[in-house]
Chemist: 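Below you'll find the structure I mean.
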Amino acid sequence: MDRRQFLTTSIGAGALGYFSLNAAWAAAMDHSAHGSMDHSGHGSAGGASHGAGAMTLKTVPDMPLLPVTALAAGRAHVALSKLANTATAANRFEATLTAAEHQVELVAGQQTPMWLYNGQVPGPLIEAFEGDEVAIRFVNKLTQASTIHWHGLPVPPEEDGNPQDAVPAGAERVYRFKLPKDSAGTYWYHPHPHGDTPEQVYRGLAGLFIVRSKNDPLRAFAEQHLVISDLKLDAQALIPDNTANDWMNGREGQFVLVNGQREPVVTIAGRQRLRIWNACSARYLQLAIPGQKLTLVGTDGGLLEKPVVHEQILLVPGQRIEVLVGDGKAAQLALKALAYNREKMGNLEPEVDRVLAQLVFTAGDVPAIPAQLRKINDLGRATALKKVEFSETMSMENGVHTMEFLVNGKVYDMDRIDMTSKLNEVEIWEIFNNSHMDHPFHIHGTQFLVLDAKLDGKRQNAKYRALHDTINLRPYETVRIKMVQHDKGLRMFHCHILEHEGQGMMAQVLVK
């Protein structure tokens, strides 16, 4: 059934109305709508079924939320806390990350239980160099199984925190990998147990990872880091479970934060390099600094070949960018997320512009921007083609509203291999978003080049060469990408709206 027909039929039938369907939809998913906070039923396979068929989802009704003003704004921007390297040998990085529940005072006088890495919001920043051997001991003190997925990093599949490799509650493991040459870039890490990923992220589990080059052409620029996330708090300053709306559209909290702060004041002396992460579960960020242009110098997989000047840049969930800002002149401007219509479902509040941070530009060094940053090869001639389709299905069978998010017509199954690839073979992937809303495509273990996109019968080539691991697809858009996998094993690909991934919009490719 077409979505618009579905909506019309639902409302016309005098039903609950598509987006006040919490109890009916939760019942259809075989789960109570009374909002139990019991996590004891979550095993290593996660809180949702890992096979085909209906997903079991923890769902609560809509509830009153704290006003946005409940969090203080306008404080000085706080730099990310770095994870200390305990290695004694050169070219090694060793450390421990512990996932556990902590009480955090987000609202004055009230404690909010959060799940955090090393007790930090956001998780600590890991900085290492190309060629380093990395060993991260992960201690899981949660009541759920968990993993650490090294989002975007070219690590072996068995070290990448796949759902099949979940670390049980109370257990630990060590992730070991080497950072290869030409891997310098802006990455992050987060849990990836199937079904429980949305909850573990929205309760606070996410951290940052920068791989540096010893020959960085932008080393003359002072650097700052902006991690954008959002947070939902109910009237008691607690983080509630997902509503039916959250599961269908992806969760967006009322607070949009930068490094865990609401609208911090960021001082930029001269011209600086900003690394920006979209660590939101589902929120799209149409970034702009009205009154100043953004010079894009890096994407998910590191530096571009040449800088590109933009008025605004769309950053979708999971993506990262590097931009140069400032011209040495004094100014007070705002970093904004402009309204972006990603075609969410239902009768929702209209999208609005949001201020993310106040930027205070002051005099300072203004290094020249290099005309050439690096060379990105085209990966060579492709000898394989793969086709991927994202889709969503809806039903009102027996008067009950249900929905599925699919890859190639199937719900994710941990025990099923959806595709196979050959080691080191260059492939073209043709990804079609056969659905009514935007979906960000993400693949594990490698970066890809975008070749072109086709929408409404019009094809547009990529405007510049850049490496990505996450890319947006608009409704009914087809995007062609070029990639190669350099490690044998199982790789995941999925929608990076975490609620959609958690309901089955994910598949597996086995590299042989």
Side-chain angles (χ1 to χ4, degrees), residues 79-99 117-118 120 122-139 147-162 165 167 172-190 192 206-225 227 273 275 277 297-305 320 322 370 372-377 379 423-424 444-447 467-469 484-489 491 511:
L80 297 176
S81 175
K82 293 183 181 180
L83 187 62
N85 182 7
T86 60
T88 55
N91 302 316
R92 288 188 60 82
F93 187 96
E94 298 177 2
T96 296
L97 286 173
T98 300
Y117 291 120
N118 293 11
Q120 296 176 19
L125 169 65
I126 299 172
E127 286 192 332
F129 283 87
E130 294 174 334
D132 282 359
E133 298 277 356
V134 177
I136 303 292
R137 174 173 168 254
F138 171 50
V139 181
T147 75
I148 297 181
H149 167 53
W150 309 100
H151 183 121
L153 284 167
V155 306
E158 63 273 16
E159 304 294 332
D160 203 20
N162 286 341
D165 299 324
V167 178
E172 62 181 72
R173 69 157 289 177
V174 177
Y175 292 98
R176 301 181 188 275
F177 48 88
K178 183 175 182 177
L179 299 171
K181 182 182 177 182
D182 297 327
S183 63
T186 305
Y187 306 97
W188 63 308
Y189 58 90
H190 60 79
H192 217 299
L208 305 316
F209 202 124
I210 294 175
V211 180
R212 296 194 178 276
S213 168
K214 294 178 181 178
N215 298 306
D216 184 355
L218 298 177
R219 59 187 174 274
F221 293 83
E223 182 177 308
Q224 296 199 62
H225 308 135
V227 182
R273 178 185 194 173
R275 295 183 190 252
W277 290 257
V297 292
T299 50
D300 297 335
L303 297 179
L304 306 181
E305 291 189 315
R320 295 83 64 204
E322 299 177 48
Q372 184 79 25
L373 299 172
R374 67 162 170 169
K375 178 66 177 175
I376 301 175
N377 70 56
L379 304 182
L423 185 69
N424 297 324
H444 290 197
T446 192
Q447 303 284 337
L467 292 173
H468 304 269
D469 53 61
V484 57
Q485 291 278 5
H486 296 295
D487 291 287
K488 290 183 178 181
R491 294 298 193 188
V511 183

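We're numbering straight along the sequence, starting at 1. All values below come from the heavy atoms of this structure, side chains included, with hydrogens, waters and symmetry mates left out.
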Chemist: Are side-chain heavy atoms of H225 and L208 found at a separation under 4.5 Å?
Modeler: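 In short, these two side chains do not touch, never coming nearer than 4.5 Å.
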Chemist: Find the distance between CZ (F93) and CG (L179) and round it off to the nearest 0.5 Å.
Modeler: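 Answer for the CZ-CG pair, F93 versus L179, is 10.0 Å.
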Chemist: So W277 and F209, side chain to side chain contact (heavy atoms under 4.5 Å, CB included) or not? Walk me through it.
Modeler: CA-CA 10 Å; W277 290 257; F209 202 124; over 6 Å; no
Chemist: For the backbone of R275 and the side chain of E322, can you confirm whether one donor and one acceptor N or O come within less than 3.5 Å of each other?
Modeler: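 A pair under 3.5 Å: no.
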Chemist: From L153 CG over to H444 NE2, what is the distance, rounded to the nearest 0.5 angstrom?
Modeler: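 NE2 of H444 is found 11.5 Å from CG of L153.
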Chemist: Quick one: pull up NE2 in H149 and OH in Y175 and give me the separation to the nearest 0.5 Å.
Modeler: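 Answer for the NE2-OH pair, H149 versus Y175, is 10.5 Å.
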Chemist: Less than 4.5 Å apart, side chain to side chain, heavy atoms only: is that true for V134 and W150?
Modeler: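 They are not in side-chain contact.
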Chemist: In this structure, are over 12 heavy atoms from other groups packed under 6.0 Å from N377 atom CG?
Modeler: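 Buried by this count: over 12 neighbours within 6.0 Å.
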Chemist: In Å, rounded to the nearest 0.5 Å, how long is the span from CG of N91 to CD of E133?
Modeler: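 Reported to 0.5 Å precision, the distance equals 8.5 Å.
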Chemist: Looking only at heavy atoms, what is the nearest atom pair of F138 and A99, with distance?
Modeler: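 So the minimum-distance heavy-atom pair works out to CE1-CB, 3.7 Å.
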Chemist: Are any non-hydrogen side-chain atoms of D132 and R92 less than 4.5 angstrom apart?
Modeler: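 They are not in contact (no side-chain heavy atoms under 4.5 Å apart), so the answer is no.
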Chemist: Please report the C-alpha distance between F129 and R212 in whole Å, then the side-chain angles of each, then the deciding distance to 0.1 Å, and finally whether the side chain to side chain contact (heavy atoms under 4.5 Å, CB included) criterion is met.
Modeler: CA-CA 5 Å; F129 283 87; R212 296 194 178 276; 3.8 Å; yes
Chemist: Mind checking the OG1-CD1 spacing from T96 to I136? Nearest 0.5 Å is all I need.
Modeler: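 Between T96 OG1 and I136 CD1, I get 8.0 Å after rounding to 0.5 Å.
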Chemist: How long is the gap from OG1 on T446 to CD on Q485, to the nearest 0.5 Å?
Modeler: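 Between T446 OG1 and Q485 CD, I get 5.0 Å after rounding to 0.5 Å.
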Chemist: Can you name the nearest heavy-atom pair linking A95 to L83, along with the distance?
Modeler: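 Scanning both residues, the minimum pair turns out to be CB-CD2, 3.4 Å.
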Chemist: Under a 3.5 Å distance rule, please check whether E130 uses its side chain to pair with a backbone N or O of D182 as donor and acceptor.
Modeler: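 Checked: pair present.
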Chemist: Do T299 and L304 pass the side chain to side chain contact (heavy atoms under 4.5 Å, CB included) test, and can you show the C-alpha distance, the side-chain angles, and the key distance before you say yes or no?
Modeler: CA-CA 7 Å; T299 50; L304 306 181; 3.9 Å; yes
Chemist: Taking all heavy atoms of P217 and all of L303, pick out the closest pair and write down the distance.
Modeler: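 Closest heavy-atom pair between P217 and L303: CG-CD1, 3.5 Å.
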Chemist: Can you find a heavy atom in the side chain of W188 that is under 4.5 Å from one in the side chain of V227?
Modeler: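 Counting from C-beta outward, W188 and V227 never come under 4.5 Å.
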Chemist: Is the closest basic N to carboxylate O distance between E305 and R374 below 4.0 Å?
Modeler: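 Salt bridge: no.
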Chemist: Would you call R173-E159 a salt bridge at under 4.0 Å N-O?
Modeler: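 Yes, this pair counts.
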Chemist: Taking C-beta and beyond as the side chain, do P157 and V511 meet within less than 4.5 Å on heavy atoms?
Modeler: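 In short, these two side chains do not touch, never coming nearer than 4.5 Å.
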Chemist: Hey, are the side chains of P370 and L218 touching, using non-hydrogen atoms and a 4.5 Å cut-off?
Modeler: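 P370 vs L218: side chains touch.
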Chemist: Keeping R273 on the side-chain end and F221 on the backbone end, is there a donor-acceptor pair under 3.5 Å?
Modeler: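 No; judged by distance alone, with no hydrogens or angles, the pair does not exist.
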Chemist: Within a strict 4.5 Å, meaning less than it, do heavy atoms of the R320 and H151 side chains meet?
Modeler: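 Heavy-atom side-chain distance check passes, below 4.5 Å.
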Chemist: Which atoms form the tightest heavy-atom contact between V174 and A135, and what is the distance?
Modeler: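 Where V174 meets A135 most closely, the heavy atoms are CG1-CB, 4.2 Å.
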Chemist: Minimum heavy-atom separation for G445 and D160, please, with both atom names.
Modeler: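 Closest heavy-atom pair between G445 and D160: N-OD2, 4.1 Å.
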Chemist: Do E223 and I210 have side chains that get closer than 4.5 Å, going by heavy atoms?
Modeler: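 When only atoms from C-beta onward are counted, I210 and E223 do touch, with a gap below 4.5 Å.
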Chemist: Verify side chain to side chain contact (heavy atoms under 4.5 Å, CB included) between L97 and N118, making sure each step is shown before the conclusion.
Modeler: CA-CA 6 Å; L97 286 173; N118 293 11; 4.0 Å; yes
Chemist: Over all heavy atoms of both residues, which pair between G152 and Y187 is shortest? Give the atoms and the distance, please.
Modeler: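 Minimum heavy-atom contact is O-CE2, 3.3 Å.
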